[in-house]
Novice: 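This structure is in structure tokens; I'll ask about it shortly.
Everything numeric in this text was worked out from a predicted model, so none of it was measured. In what follows, every heavy atom counts, from backbone to side chain, and hydrogens, waters and symmetry copies are set aside.
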Amino acid sequence: MKKVFLESHNLKNKFTGFGQFNYHLIKAIANNPIKGFKITLHAKNVKELKTEFGSTFKYKKYRSITRHKPFRIKTKYNLWHCLNQNIKIEPFYDIPYLLTVHDIHFVTEGTPMLRQTLKTKFSEKLRRANAIVYISEFAKKDTHEHFDVPDIPEYVIYNGNTITDINIPKDYKPEITTDRPYLFSIGDFSERKNFLSLVEMMQFLPDYDLILAGDNNSLYADKLTAFVKNNGLKNRVFQTGKIKDLEKQFYLQHCTAFVFPSHREGFGIPPIEAMRFGKPVFISNNTSLPEIGGEHSFYWDHYEPQYMADTLKLGMARFRNAQDFYEKWYVDRAKSFSWEKTAKEYLEVYRKLLEI
């Protein structure tokens, strides 16, 4: 029986982007027949995974010391799958290696010294890899533009939609909400997500409120809070902090539109989650977002506040004039991004690399 190792320790942060990717991929893999090999999950909370998945997988408990070369994992697996480009944990031996690339934002973000360090580490991963999976055509194109990619098999496998079943208790309401029509967005409070442009836009949309979900403990979150306070938006712009699935589903179900002005996305799951609820989606016209949003999402070409507000007004008018069409199109598109399909494609890659 051949052995596949999933470097999946990001499961410890289940509600981050990488945590969600790891969990939903693993959950979908568990629903597929696996013959000829056994998968080992590398995670901190092994007990929780065993409760959910039982004997479907083997398990290895994550220890941070394995980040350091002398203490790397020494088992000779038949295939090691590195589930994102930032992982510091590597195999001790030179064994078959699959790399998933989400986004190489580090080529333009951070200090010059940090950028160079991350570029060097990523280049090492590329040289080690026997095959590469990209989560979008943009991620593949971007990697080839900035790095010497070895002549090895490459695949584009889209992520799935994390929201399939909608289960919101009838009387449920989160602690922070509004009775007025509102726009919603979710993500890291960082320069890359560009949420400040949304707050600036709200000055030109007096009929709407804005709810932003993300970690309030950051310098960028402080910048958002200060702008809200200094521009009289305190009763119209709400920062919820981190939220869980039920809260997210509530906000998506009840929002007027989903807004996502990100400067850079390797894939962009939040717009797909909003589509699952049939909501109009307003996103940046850059990186992977047009690839994900499709022809009937609404796009911002730049972030001047009045222009963003006008684009939203025009888009909402188009949406309301053909609401049944748009709602059906959005829901169908969201359903086309399936974790079951994603898992099947990854398993096929495993079989090719294992030669079974």
Novice: Go through Y326 and F298 one step at a time and tell me if the ring-ring contact (aromatic ring centres under 6.0 Å, His included) criterion holds.
Specialist: CA-CA 11 Å; Y326 275 105; F298 302 100; 5.7 Å; yes

Novice: When hydrophobic residues are tied together by side-chain contacts of less than 4.5 Å, even through go-betweens, does L233 share a cluster with Y182?
Specialist: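 Linked within one cluster.
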
Novice: Under a 4.5 Å cut-off applied to non-hydrogen side-chain atoms, are V4 and F57 in contact?
Specialist: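 The answer is no; the side chains never approach within 4.5 Å.
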
Novice: Hey, does the Lys NZ or Arg CZ of R128 hover above the aromatic six-ring of Y97, less than 6.0 Å from the centre and inside 45° of the axis?
Specialist: yes

Novice: Can you confirm whether M201 sits close enough to W300 that some side-chain heavy atom of one is under 4.5 Å from a side-chain heavy atom of the other?
Specialist: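 Counting from C-beta outward, M201 and W300 do come under 4.5 Å.
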
Novice: Please confirm whether the backbone N or O of S262 pairs with a side-chain atom of R192, one donor and one acceptor, at under 3.5 Å?
Specialist: no

Novice: Do the non-hydrogen side-chain atoms of K2 and L79 ever get within less than 4.5 Å of each other?
Specialist: no

Novice: Honestly, is K279 close enough over F258, meaning NZ or CZ under 6.0 Å from the six-membered ring centre and within 45° of the axis?
Specialist: no

Novice: Test your reading of the model: is there a side-chain donor-acceptor pair from T56 to the backbone of F53, 3.5 Å cut-off?
Specialist: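 Flag set: sc T56 to bb F53 pair under 3.5 Å.
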
Novice: Examine K76 relative to Y93 and say whether NZ or CZ is less than 6.0 Å from the centre of the six-membered ring and inside a 45° cone about the ring axis.
Specialist: yes

Novice: One thing to verify: whether E90 and R72 come together as a salt bridge, which I'm taking to mean a side-chain N less than 4.0 angstrom from a carboxylate O.
Specialist: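 Not counted as a salt bridge, because no side-chain N and carboxylate O are separated by less than 4.0 Å.
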
Novice: Is there a donor-acceptor contact under 3.5 Å from the side chain of Y155 to the main chain of A131?
Specialist: no

Novice: F337 versus M275: any side-chain heavy-atom pair under 4.5 Å?
Specialist: no

Novice: S288 side chain to E291 main-chain N or O, any donor-acceptor pair under 3.5 Å?
Specialist: no

Novice: Does any part of the side chain of L212, heavy atoms only, come nearer than 4.5 Å to the side chain of F189, both counted from C-beta?
Specialist: yes

Novice: Verify the cluster assignment for L314 and L312: are they in a single hydrophobic cluster under the rule of side-chain heavy atoms below 4.5 Å apart?
Specialist: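 L314 does not cluster with L312.
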
Novice: Is a side-chain N or O of K125 found less than 3.5 angstrom from the main chain of I87, in a donor-acceptor match?
Specialist: yes

Novice: Heavy-atom distance under 4.5 Å between the side chains of Y59 and K50, does that happen here?
Specialist: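 They are in side-chain contact.
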
Novice: Does K58 reach the side chain of L41, with side-chain heavy atoms less than 4.5 Å apart?
Specialist: no

Novice: Report yes or no: is the cationic atom of K44 (NZ for Lys, CZ for Arg) closer than 6.0 Å to the six-membered ring centre of Y62, at no more than 45° off its axis?
Specialist: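 Checked: cation-pi criterion not met.
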
Novice: Taking C-beta and beyond as the side chain, do Y251 and I186 meet within less than 4.5 Å on heavy atoms?
Specialist: no

